[in-house]
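Here is the naming used below: chain letters follow the sequence lines, and residue numbers restart at 1 for every chain.
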Protein chains: 2
Amino acid sequence: MLERIHLAIIREVDRQGSLTAAANTLCLTQSALSHSIKKLEQQLDTDIWLREGRSLRPTQAGQYLLAVANRVLPQLSLAEEQLRQFAQGERGTLRIGMECHPCYQWLLKVVSPYLEAWPDVDVDVKQKFQFGGIGALFGYEIDMLVTPDPLYKPGLHFEPVFDYEQVLVVSRHHHLAKQSYVEPEQLSHETLITYPVEINRLDIYNQFLQPAGIHPKSHKTIETTDIMLQMVASNRGVAALPRWLVEKYAHEIAIAPVQLGQRGIAKQIFLGAREADVNIDYLKAFFQTARSAPF
Amino acid sequence: MLERIHLAIIREVDRQGSLTAAANTLCLTQSALSHSIKKLEQQLDTDIWLREGRSLRPTQAGQYLLAVANRVLPQLSLAEEQLRQFAQGERGTLRIGMECHPCYQWLLKVVSPYLEAWPDVDVDVKQKFQFGGIGALFGYEIDMLVTPDPLYKPGLHFEPVFDYEQVLVVSRHHHLAKQSYVEPEQLSHETLITYPVEINRLDIYNQFLQPAGIHPKSHKTIETTDIMLQMVASNRGVAALPRWLVEKYAHEIAIAPVQLGQRGIAKQIFLGAREADVNIDYLKAFFQTARSAPF
DNA sequence: AACAATCAATTAATTTTATTCATACATAAA
DNA sequence: TTTATGTATGAATAAAATTAATTGATTGTT
């Protein structure tokens, strides 16, 4: 039978490079691991490593088991962690994933009243997922997803929690700053500064520039909002961000929001979770807190 | 440590209703299970069942562990099965999921040349998923999904494999049978027969009737294609199906296809898989076989 | 109310399994 | 060569899981 220890050994040998090193981190002897795996190999009737000299190279079966280990072991650790929290009377950890940069600013405002209302629930925020936010939900990496891009599929529950307007941000001294709105053409001589994501995922691109067939003069990417806004303020380029975010910073930094197009660009942020979980009280409460967030 | 046996016991007690019965199916004694779980409870410092008289009712922790068991145990069994197949020189089993009724007819035509080309790969077709096709892909229930409804998300790879036209099917003696196409209004006095799925997922509804604000006189659902066509032939109603499917049956059953609207309804079937898997040779080959299918 | 049947818990004995120790063997580097 | 470092193996040992036998509790039946 394939046991947890086998997966642990396989994962650790992959990480450490040798049985001996793996044995140390697992607090066992090299001999113990060798015996364990040998027995498993006999049961499965297939080798897990090719023994080349004194190094171990995983066979096809070994590679497959490594993938299984990397997938399954975290699920078991998570289960133990959850149970530990149950035992201590805590409610658990709400693991929130985020797929968009402005979501982070919004989330901060929601998390703080939530933590007050639910003192025995911890909140953990993750931003990188191997298989994207949806995959992270399905794979139990996270329990909740904040995204501009919902997915109405069986097994998942999404609801909009926050409407905002995406606007152009320019320096307060920029010639566009006084206009009530900009047309796509007016950006063809501007430098566009965005977060480092696929260009197709940027609203200003696929909802504004792309339909008009316009390209900005150049395109720079910057990780952090603060630096991005500093760049905009010093007239190195223009950016597209939520209006509320721009207004929040406008006191400190010399920037101004400008509506994108005659109608503006309306956006929504959605909160999603596994359908099976939406009745867990502390999760349900997060939806409520999110809906009644102060915006 | 939470071990496989613990999860197996918890799942089996849930299924069988008692420790004694679970012990039998697990080929152990009731005492063994009792000891195992008791030890686990001590380690986790939480009860798994409430002992009420002589019956066991899962606690919150128990319910949580049951969910973990139902999720994790199949992954381990699958891994063992895969390894067994590796060991025997077989390539494995390609587990294909399907989300649409006409896909099945199409799939049959693809599977047969594939099985010939890959004699050491088995194909298994599943049609019901707890969390939908996407969830089944992410949850390793299936390796490949046939769907009219692709999802371009990180972690998944989709490609179109088959274009077809969705047409109205009527009895050969029906007054619409001679028309070159039908307008939505002409269906307002017809009985519409469909597969038993959500009405919003039906193309004839959301792409044809809905936009025109038309409702059919009545709506019946039928599971099987053959019976559905028999019903249509005997003038009990009209249906919407792929043109190629209608033409295939038209020799045996007195039915006729009619184009939906002036432009017709164009449809595509997509094949999807986990990105991590698309380089597995026998999986890649299925994509190729599918693309070059005889349509 | 008494009785049999059913089920889980417990203790002690036993069996099985995992682990270590000591050592052999193989390889790469000095 | 020699040395250092790695894995494999057999026998001994420690640890663990499992069983057998029994108790106590509960449920259903007569």
Side-chain angles (χ1 to χ4, degrees), chain A residues 1-63 65-66 69 73 76 80, chain B residues 1-63 65-66 69 72-73 76 80 87:
Chain A
M1 281 278 254
L2 184 57
E3 297 296 335
R4 184 174 184 172
I5 185 67
H6 299 127
L7 296 177
I9 293 171
I10 286 164
R11 181 174 69 172
E12 210 53 38
V13 166
D14 177 65
R15 288 180 177 171
Q16 308 282 339
S18 80
L19 260 193
T20 310
N24 284 328
T25 57
L26 292 174
C27 297
L28 287 169
T29 61
Q30 170 269 323
S31 177
L33 307 205
S34 181
H35 281 296
S36 270
I37 293 297
K38 176 167 193 175
K39 192 177 164 195
L40 179 66
E41 287 179 327
Q42 284 169 351
Q43 284 175 353
L44 297 176
D45 195 26
T46 182
D47 281 356
I48 288 172
W49 296 302
L50 293 171
R51 277 76 171 175
E52 295 180 329
R54 58 185 181 188
S55 72
L56 305 174
R57 214 183 64 221
T59 60
Q60 190 188 17
Q63 288 171 24
L65 277 176
L66 180 59
L73 289 177
L76 293 175
E80 284 177 337
Chain B
M1 282 280 251
L2 183 58
E3 297 296 335
R4 184 175 183 172
I5 185 67
H6 299 127
L7 296 178
I9 293 171
I10 287 163
R11 182 175 68 174
E12 211 52 41
V13 166
D14 177 64
R15 288 181 176 170
Q16 308 282 339
S18 80
L19 260 195
T20 310
N24 283 329
T25 57
L26 293 173
C27 297
L28 287 169
T29 60
Q30 171 266 323
S31 176
L33 307 205
S34 181
H35 281 297
S36 273
I37 294 296
K38 174 166 193 176
K39 193 179 163 194
L40 180 66
E41 288 180 326
Q42 283 168 351
Q43 284 174 354
L44 297 175
D45 195 26
T46 182
D47 281 355
I48 288 172
W49 296 302
L50 292 171
R51 278 74 172 176
E52 294 181 329
R54 57 186 182 188
S55 72
L56 304 174
R57 215 183 63 220
T59 60
Q60 189 188 18
Q63 289 171 24
L65 277 176
L66 180 59
V72 171
L73 290 176
L76 293 175
E80 284 177 337

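- The phosphate of dA9(C) has neither OP1 nor OP2 within less than 4.0 Å of any side-chain N or O from Lys38(B).
- Across the protein-nucleic acid pair, Arg54(A) atom CZ and dA4(D) atom P stand 12 Å apart, rounded to whole Å.
- The CG atom of Leu7(B) sits 4.5 Å away from atom CG of Leu2(B), with the distance rounded to the nearest 0.5 Å.
- At whole-Å resolution of the value, CD1 in Ile37(A) and P in dT19(C) are 11 Å apart.
- For His35(B), the listed nucleotide lying nearest its side chain is dT18(D); candidates were dT18(D), dC21(C), dT17(C).
- Taking CZ of Arg57(A) as the start and CG of Leu50(A) as the end, the distance is 5.5 Å to the nearest 0.5 Å.
- The CG atom of Leu40(A) lies 11.5 Å from the CG atom of Asp45(A); values are rounded to the nearest 0.5 Å.
- The backbone N or O of Ile48(A) lies less than 3.5 Å from a partner atom in the side chain of Glu41(A), making a donor-acceptor pair.
- Proximity note for Ser34(A) (side chain, C-beta onward) versus dA17(D), dA28(C), dT9(D): the nearest is dT9(D).
- In this structure, CD of Glu3(A) is placed 8 Å from P of dA18(C), rounded to the nearest angstrom.
- The distance from the CG atom of Asp47(A) to the CD1 atom of Ile37(A) is 11.0 Å, given to the nearest 0.5 Å.
- Atom NZ in Lys39(B) sits roughly 17 Å away from atom C1' in dA9(C) (whole-Å rounding).
- Counting to the nearest Å, the C1' atom of dA8(D) and the CG atom of Leu33(A) are 13 Å from each other.
- Within the 4.0 Å cut-off from OP1 or OP2 of dT19(C), not a single side-chain nitrogen or oxygen of Thr29(A) is found.
- Contact annotation: Arg51(A) reaches the phosphate of dA8(D) (side-chain N/O to OP1 or OP2, under 4.0 Å).
- Residue Glu41(B) contributes atom CD, which lies 11 Å from atom C1' of dA9(C) at whole-angstrom precision.
- In this structure, CD of Gln42(A) is placed 12 Å from C1' of dT9(D), rounded to the nearest angstrom.
- What separates CG of Leu50(A) from C1' of dA26(C) is a distance of 16 Å, to the nearest Å.
- Applying the side chain to side chain contact (heavy atoms under 4.5 Å, CB included) test to Glu3(A) and every residue at least two apart in sequence or in another chain returns Met1(A), Ile5(A), His6(A), Glu3(B), Arg4(B).
- Taking NE2 of His35(A) as the reference point, atom CD of Gln30(A) lies at 8.5 Å (rounded to 0.5 Å).
- Less than 4.0 Å separates DNA chain D from at least one heavy atom of each of the following residues of residues 5-22 of chain A: Ser18(A), Leu19(A), Thr20(A).
- Across all strands, Leu56(A) comes closer than 4.0 Å only to sugar-phosphate atoms, never to a base (heavy-atom distances).
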